[in-house]
Amino acid sequence: MPHYRSLPKTREPQLSVTRNRKIWIPLLCAMPVAALLIWLVTALSPEPQTARDILAKKSWTPEELSRAMGQIHSIQSDRRERDDAIDYLRHQIANYPPEIQTQIRCDATRSWIRNSLSQFRALPANQRADIIARMQANTNRTLDEIEKRSSTQDLRNAQSTPEGRAFADEMTRVAFAELSTDERR
């Protein structure tokens, strides 16, 4: 019988099915998460948070203006730089048509009330009591000033504006839907 000298056949190493699963399943699970993170990083730009950031930003959408106006009027905003930022935002709002300006101001009022309520709830109880006392004193003083210089009709006219209605509606909604009975007192 002839003796064939043959070398052993070399075969390509094959990965087992279980090893393939160990690699592909985590990889397939990680891809949507990675895609979402990449989208969040590229698509979302940070919103201005401080008065300096607001003053530095040059182009605004109506939604951004509403959020910025609501935030700058909140109780925790920096009062020293707030006036400049408010004037700047008012000039930015003036670039829009009157209907959009009204909508921006109404949305800003709602945003301001919601932001102030969440900031108020985060304060310690003694600071909340101090703020309430100051608010009551300011309210009484403001009402006295209004009664001295204007008629009741002027107050009704102010309340009949879209901004006045938005304020009254949001305060009513917050008072009945979000405040607890203790907070209402």
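None of these values were measured; they are calculated from a predicted model. In this chain, residues are counted from 1 in sequence order.
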Just distance, no hydrogens or angles: give the donor-acceptor pairs under 3.5 Å from side chains in residues 85-93, sequence neighbours left out.
residue : atom : partner : partner atom : Å
Y88     : OH   : K57     : O            : 2.2
Y88     : OH   : Q92     : NE2          : 3.4
H91     : ND1  : D87     : O            : 2.7

Side chain to side chain donor-acceptor pair (under 3.5 Å) partners for R141, two or more places apart: N138
Checking L37 now: which residues fulfil side-chain contact (heavy atoms from CB on, under 4.5 Å) with it, not counting sequence neighbours? V33
Partner residues of T61 under the side-chain contact (heavy atoms from CB on, under 4.5 Å) criterion, sequence neighbours left out: E63, E64
Tell me every residue that passes side-chain contact (heavy atoms from CB on, under 4.5 Å) with M171, counting only those two or more places apart in sequence or in another chain. I113, F167
Considering only heavy atoms from C-beta outward, does the side chain of I132 approach that of F120 to under 4.5 Å? yes
Please round to the nearest 0.5 Å and tell me the distance separating atom CG of D84 and atom CG of L55. 6.0 Å
Test side-chain contact (heavy atoms from CB on, under 4.5 Å) applied to R114 - qualifying residues, sequence neighbours left out: R110, E170, R173
Could you go through residues 121-129 and list every donor-acceptor pair under 3.5 Å that involves a side-chain atom there, pairing it with any protein atom two or more places apart or in another chain?
residue : atom : partner : partner atom : Å
R121    : NE   : E183    : OE2          : 3.0
R121    : NH2  : E178    : O            : 2.5
R121    : NH2  : E183    : OE1          : 2.9
R128    : NE   : L123    : O            : 3.4

Heavy-atom neighbours of R52 CZ exceed 12 at 6.0 Å: no
To the closest 0.5 Å, what do you measure between CD (Q71) and OG (S111)? 8.0 Å
With the side chain counted from C-beta on, respond yes when P162 and C106 share a heavy-atom pair under 4.5 Å apart, and no when they do not. yes
Across all chains, not counting sequence neighbours, the side chain to side chain donor-acceptor pair (under 3.5 Å) partners of Q103 are D107
Give, for atom CD1 of I38 and atom CE of M31, the distance between the pair rounded to the nearest 0.5 Å. 9.5 Å
Would you list the pairs meeting salt bridge (Lys or Arg N to Asp or Glu O under 4.0 Å) in which at least one residue belongs to residues 91-105, sequence neighbours left out? R105-E163
Would you give the length of the straight line joining atom CD1 of I54 to atom CE of M69, rounded to the nearest 0.5 angstrom? 9.5 Å
